[in-house]
Structures are given as structure tokens and as C-alpha cells.
J.: 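Following this message is one structure expressed as C-alpha cells.
Not measured: the values here are computed from a predicted model. In what follows, residues are counted from 1 in the order of the sequence shown. Computed over heavy atoms, backbone and side chain alike; hydrogens, waters and symmetry mates excluded.
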Amino acid sequence: MLTHSLKKLAAPLFGLVLVAGTVTACSSDADDASDASSRLPAGEGTTEYPLELDTEYGSTTLEDRPEKIVAYGGLGPELALSLGITPIASNDWEQFSSFLSEYGADDIDTILEPVDGNVPVESISAEDPDLIVVNTTEQSVFDQLSQVAPVLAYSYSWGENGTDWREQLARLGEATDLAEAAADVESTHDDAIQAIRDENPEFAEYSANFISDKGDNVDVESFAGSPGEEFFAQLGFQPFEKAEEFTNTDVVSGERYADLAADVMFIYDPSGGMPTLSGSQAFQNLPAVQNDLAFPLELSDDDPFPGTMAVGLRSPAPLTNVWLAEHIVDLLGDKLK
């Protein structure tokens with residue numbers, strides 16, 4: 001479907017990978033050069049090096065165009081892949097973003113595991129990168145990694161102190177001399193989302209909400225001002241009536257279930273069977289449930305959609321957004337027409 005519009009951008013870039021991979025070198029140095037050049041498209045000649053990389057944690061200097069890029073956590077792996085860049089190492093992208101295999105994620109050589117839930121500084125250092133793109137909330141992580149290579153570091157992708165995907169993409173594009181490609185990724189995303197909205201004008205007549213039933217609590221994922229609310233708005237949906245009354249940290253008690261009401265509801269159900277909501281009469285009385293417009297999304301190895309939606313609506317990025325939008329259209333079918 002519309003995924004092909006994003007693939008149009010990626011295809012010629014990944015074509016370079018295939019061509020480079022067919023070259024037989026005469027020495028180990030040539031092998032190294034071929035491997036490095038195959039990991040990202042040719043530069044556009046728009047970035048001037050040395051380039052200062054300013055972050056909330058401090059600044060580092062990129063002396064030359066990077067070739068060996070580690071992208072760990074947050075949006076880094078997806079944004080790199082959207083530009084046709086194959087990181088030499090990243091965090092595990094498969095659990096909630098298996099569709100990234102379509103964009104070359106299978107070619108990432110090393111999957112880095114967190115250490116006690118934190119950024120694996122030593123493992124990243126061992127990769128000997130010349131650019132590190134990392135999601136962290138720790139100044140110490142930046143300080144350590146900046147001794148290894150120049151660092152693009154982000155703590156959040158939204159909120160008051162966040163850096164949204166568009167800015168992160170633009171900065172990565174500048175750092176890798178792919179600023180025009182970054183602009184193309186952004187415009188391709190916007191065109192794809194707009195096309196979905198235009199093809200489904202009926203969405204504008206309905207409100208939407210996304211909540212999570214995690215077995216011991218219920219959370220609202222599309223509260224006012226959230227990326228989830230913005231995502232639904234981009235597709236044409238209205239915010240649910242009580243969205244302003246919820247925040248990022250709210251755990252919803254049973255007496256507030258009626259306030260979750262929306263015409264269309266998506267329920268992330270990682271435990272299966274909605275263990276908290278299924279026994280609630282207040283939830284069963286919601287119009288979306290009564291009208292067969294409430295969609296429990298059970299987490300399973302066979303279906304990446306529920307987990308991707310849960311993570312993606314909190315950390316939106318261009319490939320994820322379009323992939324989710326297409327799946328929502330397929331899930332709704334003709335129910336709103």
C-alpha cells in the first residue's frame with residue numbers, strides 16, 4: 001500500500017549497498033573501504049566539515065563525514081535506516097519494529113544489549129564508531145561516549161524538553177551530508193499520511209483514543225498534547241472528549257473508565273484478554289465497545305502491530321507513522337464508512 005511511497009526513497013539508496021557489496025577488493029584495506037562506503041549513500045556535498053554537534057549534554061566535533069555509525073536507542077536506528085544508512089551496530093529493533101527489515105535493518109551487523117537497563121557504553125566503544133547517535137538521560141553516558149567519537153545525543157522525542165523526529169532527522173542528515181535526503185524522507189512521510197487522510201474522509205466524523213491494559217493498571221496513550229493525539233489528528237480523527245483531563249503519568253482507576261470514551265478505541269493488551277478492563281461494566285458500557293469499534297490489540301510474536309503501536313505512539317518516527325497508519329486503515333476496514 002502506501003509503504004511503497006517510502007520504499008521509493010529507500011530503494012535507490014539500498015541499491016548502492018548491493019552494488020558496493022559485489023566489488024571484490026585486492027586487499028584488506030580495500031575491503032574495509034568497500035564495507036564502509038556500502039553503509040551509507042554518497043554524500044550530497046552540502047555539509048561542511050568540521051561540524052559542531054551541539055546537544056543538551058554538550059558539544060563534540062565531527063571532523064569528517066562519518067562512515068561507521070552506531071545508533072543506540074530512541075529513534076536513531078529508524079532515522080538512520082530511513083536515510084539509507086546501515087548502522088554498524090544498534091539496539092534490538094526486532095521486538096517492536098520488525099517491519100524495519102524492509103529498510104535494511106537485517107544488515108546491521110551487531111545488536112547491542114543494555115547493561116542493567118542502561119546504555120552499553122563499553123560495547124558501543126568496542127565498535128570503534130566515528131559517529132554515535134544515542135538516546136540517554138544520563139550526562140555521564142554522553143561524557144564517556146564523547147571520548148570515543150562525536151555524539152548526537154537525545155533524551156526524549158517529545159514533550160517540553162524533547163527533540164521530535166523531524167529535528168533529529170534533520171540533524172542526522174546534516175551530520176552525514178544527507179540533508180536533502182532527510183528533507184525527502186520528511187516530505188514523503190507527510191504526503192503518505194495526507195493521502196491516507198484524503199482516502200478516508202470519514203475519520204473526521206469520529207474521535208479516537210488509544211489506551212493500555214497492562215494487567216495491573218490502565219494508561220491513556222493519547223491524552224491531550226501527546227504524540228498519540230497528534231498521530232490521530234494527522235489522520236483526521238478528533239480527540240476524545242476528556243483528553244484534557246489525562247496526563248502522561250495517570251493510572252486510570254475504574255471510576256474514570258467512562259472518561260475514556262471515544263467513538264473508536266484501540267486497547268494495547270500485552271497480557272491478553274484485557275485482564276483489568278474485561279471485568280468492568282463501566283468499560284463494557286462505553287459506546288465504542290457497544291458499537292464494535294473497540295479493538296483489543298494482543299501482543300504476540302506473529303503480530304508486531306500492537307507492540308509497534310504502543311511504542312510508536314510514544315516515540316513517533318517517519319517509517320513507523322506510515323506503517324501504523326496503514327495498519328489502522330486495514331483494521332477499521334469499512335466499519336466507519
J.: Answer yes or no: is there a donor N or O on one side and an acceptor on the other, between the side chain of Ser101 and the main chain of Ser98, under 3.5 Å?
T.: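 Confirmed, Ser101 side chain pairs with Ser98 backbone.
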J.: Is it the case that atom CZ in Phe295 sees more than 12 heavy atoms from other parts of the structure closer than 6.0 Å?
T.: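 Correct, the count exceeds 12.
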J.: Mind listing the closest non-hydrogen atom pair of Leu75 and Ala317 along with its distance?
T.: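 Between these two residues, the closest heavy atoms are CD2-CB, 4.2 Å.
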J.: Does a side-chain heavy-atom distance below 4.5 Å link Asn285 with Gln281?
T.: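 Yes, side chains in contact.
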J.: Restricting to non-hydrogen atoms, name the atom on Phe246 and the atom on Lys242 that form the minimum distance, rounded to 0.1 Å.
T.: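 Heavy atoms only, the tightest pair is CD1-O, 3.3 Å.
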J.: Restricting to non-hydrogen atoms, name the atom on Lys214 and the atom on Pro270 that form the minimum distance, rounded to 0.1 Å.
T.: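 Scanning both residues completely, I find the closest heavy atoms to be CA-CG, 4.3 Å.
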J.: Identify the two heavy atoms, one from Ser278 and one from Gln284, that lie closest to each other, and give their separation to 0.1 Å.
T.: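 Residues Ser278 and Gln284, closest heavy atoms: O-NE2, 3.4 Å.
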J.: Would you say Glu52 has more than 12 foreign heavy atoms packed within less than 6.0 Å of its CD?
T.: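 More than 12 heavy atoms, drawn from other residues, nucleotides or ligands, come within 6.0 Å of this atom.
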J.: Aromatic rings Trp323 and Phe99: how do their planes relate, parallel, tilted or perpendicular, breaks at 30° and 60°?
T.: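 If you compare the ring of Trp323 with that of Phe99, the planes turn out parallel.
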J.: For residues Val311 and Leu319: do they belong to one hydrophobic cluster (side chain heavy atoms under 4.5 Å, members Ile, Leu, Val, Met, Phe, Trp, Tyr)?
T.: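 Yes.
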J.: How long is the span from the OG1 atom in Thr276 to the CG atom in Asn217, to the nearest 0.5 Å?
T.: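 The distance works out to 7.0 Å.
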J.: Is any side-chain N of the basic residue among Glu221 and Arg314 closer than 4.0 Å to the acidic one's carboxylate O?
T.: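 Salt bridge between Glu221 and Arg314, a charged N being under 4.0 Å from a carboxylate O: yes.
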J.: Within the 3.5 Å criterion, strictly below it, is a donor on Glu78 or Thr320 matched to an acceptor on the partner's side chain?
T.: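 Side chains of Glu78 and Thr320: pair found under 3.5 Å.
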J.: Under a 4.0 Å threshold between the charged nitrogen and the carboxylate oxygen, would Arg166 count as salt-bridged to Asp190?
T.: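 The answer is yes: the pair qualifies as a salt bridge.
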J.: Are Val289 and Val252 in one and the same hydrophobic cluster, where Ile, Leu, Val, Met, Phe, Trp and Tyr link if side-chain heavy atoms are under 4.5 Å apart?
T.: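 Yes, it is one cluster - the side chains of Val289 and Val252 are joined through contacts under 4.5 Å.
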J.: Return the orientation label for the Phe232 and Phe237 ring planes: parallel under 30°, perpendicular over 60°, tilted otherwise.
T.: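 Answer is perpendicular, since the angle exceeds 60°.
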J.: What is the minimum heavy-atom distance between Leu79 and Leu169, and which atoms define it?
T.: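 The pair with the smallest heavy-atom distance is CD1-N, 3.8 Å.
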J.: Hydrogens and angles aside, do Ser253 and Glu255 bring a side-chain donor and acceptor to less than 3.5 Å of each other?
T.: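 Ser253 vs Glu255: donor-acceptor pair found between side chains.
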J.: Side-chain contact, heavy-atom cut-off 4.5 Å: Val329 with Glu199?
T.: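 Result no, sub-4.5 Å side-chain heavy-atom pair not found.
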J.: Are any of the side-chain heavy atoms of Val251 and Asp219 separated by less than 4.5 Å?
T.: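 The answer is yes; the side chains approach within 4.5 Å.
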J.: When clusters are formed from ILVMFWY side-chain contacts under 4.5 Å, directly or step by step, what else is grouped with Phe142?
T.: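 Direct or chained contacts put Phe142 with Tyr57, Val70, Tyr72, Ile88, Leu112, Val119, Val121, Ile124, Ile132, Val134, Val141, Leu145, Val148, Val151.
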J.: State, with a plain yes or no, whether a side-chain heavy atom of Asp263 is found less than 4.5 Å away from one of Ser207.
T.: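 A side-chain contact exists here, since the closest heavy-atom pair is under 4.5 Å.
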J.: Is it true that Ser222 and Glu229 share a donor-acceptor pair across their side chains at a distance under 3.5 Å?
T.: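 No, no side-chain donor-acceptor contact under 3.5 Å.
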J.: Indicate if Met265 and Val220 have the same hydrophobic cluster label, given that clusters are the connected sets of ILVMFWY residues with side-chain heavy-atom separations under 4.5 angstrom.
T.: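 Same cluster.
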J.: Mind listing the closest non-hydrogen atom pair of Tyr49 and Pro66 along with its distance?
T.: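 So the minimum-distance heavy-atom pair works out to OH-CD, 4.1 Å.
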J.: Under 3.5 Å, is there a donor-acceptor pair linking the side chains of Thr46 and Asp177?
T.: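 Yes.
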J.: To the closest 0.5 Å, what do you measure between CD1 (Ile108) and CG (Leu100)?
T.: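 Separation between the atoms: 8.0 Å.
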J.: Give a yes-or-no answer on whether the side chains of Asp143 and Gln147 include a donor-acceptor pair shorter than 3.5 Å.
T.: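 Judged by distance alone, the side chains do not pair up.
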